[in-house]
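Some notes on the structure that comes next.
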Amino acid sequence: MLKVFSLSFFILVSFLSSAQKNCPIIPRPLAVTASNNQFKLDRHTMIKFSDPKLTGIANYLKAEIKKNTSIELDAQPSKNSSFVSLVLLANKAQNNSSPEAYSVDMSKGAIVIASSSEAGLFNGVTSLLQLVRLAENKAGMVMLDCWQIRDAPGYGWRGLMLDESRHFFGLEKLKSLIDWMAFYKLNRFHWHLTDEPGWRMEVKKYPKLATIGGIGNFSDSSAPARYYTQEQIKELVAYAAERFINVIPEIDMPGHATAANKAYPAFSGGGSKAHPDFTFNPGKEETYGFLTDILKETASLFPASMIHLGGDEVNFGNQQWPLIPGVKSLMAEKKMKDLREVELYFMQRMADTLYKMNNKLLAWDEMADVELPRDKTIIMWWRHDKPEQFIKAMEKGYTTIACPRIPFYFDFVQDSSHKQGRKWQKAFAPLESVYAFDLSKFNLTAEKQKLVAGIQANIWTETMQNEKRLDYMLFPRMAGLAEAAWRSTSTPKDYGLFKQRLKDHLTLYANAGLYYFDPSAPTSKLEPLGPKK
Ligand code: ACM
């Protein structure tokens, strides 16, 4: 009885203390308790680490502290030293089964961050960095409230996609986005590099893809070519890897191929009035060779060993396929009934090509209908109005990622008063629905839950022709995304507390020069304009 009483008393006390003090970290850690101590971070603070492998993480922590507080941590122990210790646990059997789990224990003289993996330690480091950046910085000294944190992600895939075909942002902006992703423990950057308006990746074997296909964007079809050289791509991939973020390129096919077809019309399968030259030609053998060459170069640039091949909306522009002799004979030879079968055949072939390169395939949810190896294929559910595609993908045994338009397409507006972005009838994507998203309404069986790799938001950029507008659409929804992706269905959420935590994050955005949306004052800032057309 006494034990039960003291346990519930303990729970009550820790509940009260955490209720009184809202730990400012976003996403909110799984378990966090406050203690009354404070840790003084100043130039006498040292970073120690238990394994030479951790040098990169330690250097990152040091550099971020310098960048954000101007405090240069000490390299030599002295009698005033306090410590931040990074401890890689030999024993993998932490209480939590996630390899990314970590703990942070803070006391007056030491902060100990521990995990059984480097990715977990990095998560702990980002939690500490948030505490540092959100605390007051007085003349080279930051006093940190002490917390005991036990944390682990609900999902391993916490993604953000950026479409740079419609508008191109460039390496510096991308690095800044990667920094913010790391800040919020997002760990997959899906890079939509090819589509109708522009092709944005240098391919050595087919240079016109970039120099001709890179001309134009959604606002201006004759804007000078913008694309990433292979050196720049390697630079971004390395920058992201230092922050434990994998970069996954998307080379969209067989639709959304307009920019490629502008450069190499020989492989075009035609299009429609609204979407001219939209597809690759699935009835021409050389098309498969062309795309295989492109994918070989792509695979060599992206160590994540997974490539997104799109597969979406092919019916926007496959109307000319039946007129192509090669498609006709392919259909006759393979006894295909309709164009959908041609599309699926195409994707199966390109998927095989990828698998031979030891890459996994990602594809949009149209491809849940294709029969592909379950262990090498990941389906992204995007059509929120077709939840059956999400369920079908899992029923067929595919790993899936949930990124339904509502609420995860960040080109949708976030306030009813906004005019520049998309709406779906009256529906849009306010911060609260991003934050509160979970999969509980699907009542997924345990088997299906295991197939959900994670959550992702997608930034389509038809209406984002500049950084200001990109920032406005992304911040603070990125923080809401982080909460949705970090916590799977079982943990309760509290939007009021989230908004309290967010206040200080908005200050960080302002200090970083971001033109963010303030959900508490939706009309306080002018909504930046999108393109005129
Ligand atoms: C998509 O929005 N077409 C994936």
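We count ligands from 1, going down the list as the structure has it; atoms in each ligand are counted the same way.
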**OP:** Before accepting this row, confirm whether a basic side-chain N of the pair Arg200/Glu164 lies closer than 4.0 Å to the acidic partner's carboxylate O.
**Re:** no
What orientation do [X] and [Y] show, parallel under 30°, tilted 30 to 60°, or perpendicular over 60°?
| X | Y | value |
| --- | --- | --- |
| Phe218 | His167 | perpendicular |
| Phe390 | Trp381 | parallel |
| Trp180 | Tyr509 | perpendicular |

**OP:** Return each pair, listed once, that meets salt bridge (Lys or Arg N to Asp or Glu O under 4.0 Å) where at least one residue sits in residues 428-453; pairs must be two or more places apart or across chains.
**Re:** Glu395-Lys448
Is there any protein N/O under 3.5 Å from an N/O of ligand 1, and what does the full list of such pairs look like?
from     : atom 1 : to     : atom 2 : distance (Å)
ligand 1 : 2 (O)  : Tyr409 : OH     : 2.7
ligand 1 : 3 (N)  : Asp312 : OD2    : 2.7
ligand 1 : 3 (N)  : Glu313 : OE1    : 3.2

Original post:
Could you walk me through whether Tyr472 and Tyr515 pass the ring pair (Phe, Tyr, Trp, His ring centres under 6.0 Å) check?
Top reply: CA-CA 6 Å; Tyr472 190 74; Tyr515 192 83; 5.8 Å; yes
